[in-house]
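What follows is a set of notes on a single structure, which appears directly below.
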Amino acid sequence: MDYTTLSIRELQAGYKSGAFTVTDVVQSYLERIKKQDKDLNSYITVWPEEALLQAKRLDKKIKTKTIEGKLFGVPVAVKDVISTKDFTTTAGSQMLKNYKPVYSATVYEKILAEQGVVLGKTNCDEFAMGASGENSSFGPTKNPWDSSRVSGGSSSGSAAAVAARLCRVALGTDTGGSVRQPAGFCGVVGVKPTYGRASRHGIIAMASSFDQVGVIAPTVEECALVTEVISGLDPLDSTSSSEPVPNYTSLLSQPAKFKIGILKESMGADVNPSIKQHIINVADKLTTAGHKVTEVSLPDVQYALPVYYIITPAEVSANLARYDGLRFGESENDQDLINQYTKTRGQYLGEEVKRRIILGTFVLSAGYYDAYYRRALAARQALKNGFAKLFKKVDFIIGPTSPTIAFAIGEKNDDPLAMYKADINTVPASVAGLPAMSVPLALVDGLPMGLQIIAPWFKETELFQIGQSVENLRGEWKLP
Amino acid sequence: MTLTQADILKLAQLARLSLSDAETTKFQKDIDSILHYVAKISEVKANKLRVAKVKPNTVRADKVLNKFNVVSPFDGNKKVQEGLLVVPPVFKK
């Protein structure tokens, strides 16, 4: 039997009734990975032995009727920027191709504590920098709907693995859209919680004031469950929030009528007309269902992408200074220390990473700091203020997750600016630290498109509620 | 703002990166076009340019957690002597 079509609820009901075991399910997933992932390239490392061992441990608990964990027996994949003690964590980079962390990320430990079964580590753009998955030094992840297309990025492998049923749910990280954009391209749900909602401890840092762990799953309910598991204050991450974590899944069924704003600036001339039409259609359906939908405008979102590409390279240039070849990662030997640094970094860091380090070094340099970095910090604050004002009028802001459907592999490789613009709709929520989600809405030319929903800070409960309403209004959604 | 190839090499040197000639040429073109695009923030109105006070971080109590059972924080393939990394000399004779 193929267990890879079963939801978390169905899996756990099957375990309880004795219809099948965790080992049956894990074997089913591992076989599917073996067959399909050679072409898709969604995993960097698969953990068959560890996953089967964990499955056997859980099967013993079924026998003794001690099924306790919220993720009991759920096959999970983890993006390869999330540290897993003693297991290779590459961040998609040749620099860390043999790196085994000496401690684990808090979010990964929380998945294990709730008895999830981790199947392996998923592919991603190098150090999470990219919007297509093509910047991984382990090769691009293909889109499960059409293998000539990109899967989106940077959590390319996590989104593709969920869509191709090579795991049930996956953890990703979202710095400027890296969970929502690939989720949109691959036709699955992706949520980025509020900045600080989930711990960043053990996440290989890209841009520390933006990075947030997110969840990718086939349904909103499953995203809500995993978000509930990974969220909360962590003494090991001083930016994690002490806001209590609601029981998102139990609050899902409480229907509410919301005020929703379609963001005018996200529906511009660059957006595929069919995508625009689907957004208008869902807005009509939401209105018919009793929600109040209006058009809203926030002109400052035009500065979000410039702000993002000033502040994040600045943070990248500082965070990636640690890859000097001395303490961990690969290294090139030289008798001169400075030469050893430059040769190591030149040899093992990829093109996009180098480009952003140089850009970040420039915007932080004396003479340009005020004109670029300091000004961008202020513009970031202005954008946050703009969102706060807008959220006094509406409960959510909606629009397309991306202006286009998944583009062809190689299409934007020679034009980094065009690639950066692929994140134009997802970056504003990241700049402001807001929670946001992409829900698959429709197919355009045979490829999925997502609806992005942005909520006020820490309003994940309501975000999941409206997300599920959209799912219900859309109707059945089949993975490829 | 226009960057020259010499600027790119200087920035790369500051960032401790060696670049090939092809990379230097490409990055000069790419970064120039990115800087041209991000210069848009100069349009943000001056009255909006105030950085709010940053909320203080939640810092844990300064107690040993015994969380990390680490023999060595370094990769197994690093040269370590008496718990310290062996690196090329910083000062030349």
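Sequence lines set the chain letters: A, B, ... in the order given, protein chains first and strands last, and positions in each chain run from 1.
Nearest approach of B:Leu19 to B:Glu23, heavy atoms of both residues: CA-OE1, 3.4 Å.
For A:Leu320, no part lies under 4.5 angstrom from a heavy atom of chain B. Proximity to chain B (any heavy atom under 4.5 Å) is shown, for A:Ser317, by neither the backbone nor the side chain. Contact annotation for A:Ser240: only backbone heavy atoms (N, CA, C, O) come within less than 4.5 Å of a heavy atom of chain B. For B:Tyr37, the parts lying near chain A are the backbone and the side chain together; criterion is any non-hydrogen pair under 4.5 Å. Proximity to chain B involves both the backbone and the side chain of A:Lys354, based on heavy atoms less than 4.5 angstrom apart. Residue A:Ala376 touches chain B through both its backbone and its side chain, counting heavy-atom pairs closer than 4.5 Å. Residue contact with chain B, scored on non-hydrogen atoms closer than 4.5 Å, involves the side chain of A:Gln340 exclusively. Neither the backbone nor the side chain of B:Lys10 comes within less than 4.5 Å of any heavy atom of chain A. With a threshold of 4.5 angstrom between heavy atoms, A:Asp234 does not approach chain B through any atom at all.
The aromatic rings of A:Phe387 and A:Phe391 lie parallel to each other, with less than 30° between the two planes, well short of the 60° mark.
For chain B, the option among A:Ile358, A:Thr361, A:Asp336 with the highest count of heavy-atom pairs below 4.5 Å is A:Ile358. Looking only at heavy-atom pairs under 4.5 Å with chain B, the residue among A:Asp415, A:Ile338, A:Leu349, A:Asn333 that has the most is A:Ile338. Ranked by non-hydrogen atom pairs under 4.5 Å with chain B, the options A:Val307, A:Leu233, A:Ile310, A:Val363 are led by A:Ile310. Ranked by heavy-atom pairs shorter than 4.5 Å toward chain B, the options A:Gly196, A:Gly360, A:Pro235 are led by A:Pro235.
Exactly one residue among A:Phe87, A:Tyr323, A:Phe328, A:Tyr348 makes a ring-ring contact (aromatic ring centres under 6.0 Å, His included) with A:Tyr99. That residue is A:Phe328.
Using modelled atom types, one finds a donor on one side chain and an acceptor on the other under 3.5 Å when comparing A:Glu126 with A:Ser93. Donor-acceptor pairing under 3.5 Å is recorded for the side chains of A:Glu265 and A:Ser297.
Of the possible donor and acceptor atoms, one in the side chain of A:Gln212 sits under 3.5 Å from a partner among the backbone N and O of A:Ala198. Remark: the backbone N or O of A:Lys100 is not paired with any side-chain donor or acceptor of A:Thr89 at under 3.5 angstrom.
A salt bridge links A:Asp334 to A:Lys343: one of the charged nitrogens lies within less than 4.0 Å of a carboxylate oxygen.
Cation-pi geometry between A:Arg380 and A:Tyr308 is not satisfied (NZ or CZ under 6.0 Å from the ring centre, within 45° of the ring normal).
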